[in-house]
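Here the structure is laid out as structure tokens; the discussion comes afterwards.
Computation of the quantities below employed the complete heavy-atom set of this structure, encompassing side-chain atoms and omitting hydrogens, waters and symmetry-equivalent molecules. Fair warning: this is a prediction, and the values are worked out from it, not measured in the lab. In this chain, numbering begins with 1 at the start of the sequence shown. Ligands are counted one by one from 1 in listed order, and the atoms in each one are counted from 1 as well.
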Amino acid sequence: MSRIVVISNRVAVPERAGGPSAGGLAVAVNAALKDRGGIWFGWSGRITEEPSDAPQVTRHGAVTYAVVDLKPDDYQEYYNGFANRVLWPVLHYRLDLTEFYRSDLSGYIRVNRMFADRLEKIIRPDDVLWVHDYHMMPLAKYLRERGHANRIGFFLHIPMPPADIIQALPQHGATVGALAHYDLVGFQTEGDRDNFSGYLETRGGQMTPDGTGCDIGGRRVQLGAFPVAIETAAFARRARHASRTRPVKALRESLMGRKLIIGVDRLDYSKGIPNRLDAYEHFLRTVPQWHDKVSYVQITPKSRTDVPEYQEMDRYVSHKAGQINGAYSDVTWTPLRYVNRTYSRSVLAGFYRMADVALVTPLRDGMNLVAKEFVAAQDPADPGVLVLSQFAGAAAELATGALIVNPHDTEGMAAALPRALEMPLGERRERYARMMRVLETRDIDRWAEDFIAALSPPPARDPLHIPLPRAALRSVHLPGAWGRGLAPRGA
Ligand code: F6P
């Protein structure tokens with residue numbers, strides 16, 4: 001069986017837990033590699049003046065982690081600049097927040113070429129490469145230019161907007177258009193996939209009659225929707241155990257019998273936190289009978305703090321949270337607890353289980369695993385209610401059980417709160433059961449299996465003879481390249 005090499009900007013090396021939160025991507029890749037084993041390559045999270053040419057390698061269980069440092073200019077132009085001030089807002093439909101500089105695009109391309117150079121030291125011709133997310137869109141192109149004919153797949157964790165929006169991105173052919181160099185491009189939803197097909201057609205691509213592939217630039221790229229998922233059963237277990245832990249008990253005691261509304265999001269404008277606070281304020285203003293009977297805990301670790309739009313969001317949300325508490329709290333009740341700390345997934349699992357309502361109301365989100373984790377964490381006998389934005393990828397799967405809201409409709413979101421808080425037990429159970437059925441059928445193992453199966457080379461007719469394309473033969477590495485470059489540290 002071929003080795004799987006996962007490539008992503010963030011790599012969650014176990015010993016570095018406690019470093020910057022790697023979010024949903026790390027959770028998904030960890031789960032996909034845990035039993036299957038493989039290599040996980042990407043940025044170390046460190047910035048150094050003179051990074052070494054060879055990846056730093058460690059091994060934990062079945063997974064080998066190979067990471068490289070970035071230079072300060074690379075970090076600034078590739079990560080803060082092009083990835084987070086151009087691709088992120090454009091792909092989240094926020095052209096108004098896009099700050100494009102040609103120097104940042106050059107930095108993005110330079111770092112992707114550097115990743116291709118470093119990766120060359122690691123890969124074998126029969127490895128299957130699985131690239132994740134918008135930081136590495138042109139990577140396959142640079143590997144192909146170097147003669148690598150491996151099967152290479154790409155999965156986009158964030159949304160893909162319609163062609164009109166992509167075309168507003170200067171030189172979009174060099175980034176989004178470069179996705180045509182992969183064998184398989186996967187999206188969170190069918191809507192995202194269709195948007196990308198539409199974009200490829202504007203570039204002369206011809207869709208196959210069944211709509212699953214596109215012929216473009218003399219090659220075929222397969223397209224598919226692979227909604228990212230969670231380890232449903234394991235997360236449910238984690239939540240059951242977590243309810244007995246200290247932080248979870250402490251939160252329960254502090255509520256003094258009040259109901260709990262919870263929100264957990266990175267501090268990011270895509271999450272719609274200001275809209276959510278407006279809705280909560282509207283609820284407090286219009287439904288005074290809930291005063292002193294509910295607490296809303298919004299857990300929001302800071303993120304991308306070097307990027308001006310995130311600093312602005314930080315100031316705005318802190319100010320707004322202060323205003324709400326100033327207006328509605330009294331000496332014994334704080335309606336909103338706004339927390340910029342990071343909690344472990346186990347503690348969060350316990351918080352979710354305790355919560356009566358979760359507010360997952362992004363303005364745009366690829367999937368949003370908080371929505372899925374909240375559901376999996378519930379007590380089936382007394383489940384909480386998920387209030388979910390129609391613009392989260394998760395809504396495509398959970399709409400039959402969640403209360404679906406439009407985050408731009410403050411009054412509509414506010415009205416969902418008493419509805420959720422007062423929902424009869426029977427209805428809560430039915431809604432929970434419908435969502436759990438989806439999460440149990442399509443869990444993280446299925447996600448990884450489906451993607452890898454779609455990406456893997458078709459079986460050769462004669463099992464004793466697997467012809468390799470010429471380009472692949474050119475790129476065969478001497479055995480020493482693997483041995484030198486990837487010996488586990490301390491091995
Ligand atoms: O989900 C999108 C994403 O960029 C992931 O790649 C990552 O897990 C998360 O957001 C956190 O972002 P960053 O790596 O910039 O801290």
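With R304, R266, H132 as candidates, the residue nearest to atom 12 (O) of ligand 1 on a non-hydrogen basis is R304. Compare N80, D133, L25 by their heavy atoms: the one nearest to atom 2 (C) of ligand 1 is in D133.
Checked by distance only, ligand 1 and Y79 come closer than 3.5 Å through their nitrogen or oxygen atoms. Considering both main-chain and side-chain atoms, H135 never comes within under 3.5 Å of ligand 1 through any nitrogen or oxygen pair. Where the criterion is an N or O separation shorter than 3.5 Å, residue side chain and backbone included, R10 meets it with respect to ligand 1. Considering backbone and side-chain atoms alike, W88 places every N or O at 3.5 Å or more from each N or O of ligand 1.
Interface of I158 with ligand 1, defined as ligand atoms under 4.0 Å from a residue heavy atom, comprises 2 (C). Those atoms of ligand 1 that come under 4.0 Å of a heavy atom in Y134, given as number and element, are 4 (O).
Checked against side-chain contact (heavy atoms from CB on, under 4.5 Å), D127 has the following partners two or more places apart in sequence or in another chain: R3, V5, I123, R124, L129, N150.
For the residue pair Y78/D73, the side-chain donor-acceptor check at 3.5 Å is not satisfied. For the residue pair T64/W40, the side-chain donor-acceptor check at 3.5 Å is not satisfied.
A salt bridge is defined here as a Lys NZ or Arg NE, NH1 or NH2 lying under 4.0 Å from an Asp or Glu carboxylate O, and E309 with R94 fails to meet this definition.
When the shell of 6.0 Å around CD of E190 is examined, it contains 12 or fewer heavy atoms from other residues, nucleotides or ligands.
Relative ring orientation between F82 and F100 is described as perpendicular, the plane-to-plane angle rising above 60° on a 0-90° scale split at 30° and 60°.
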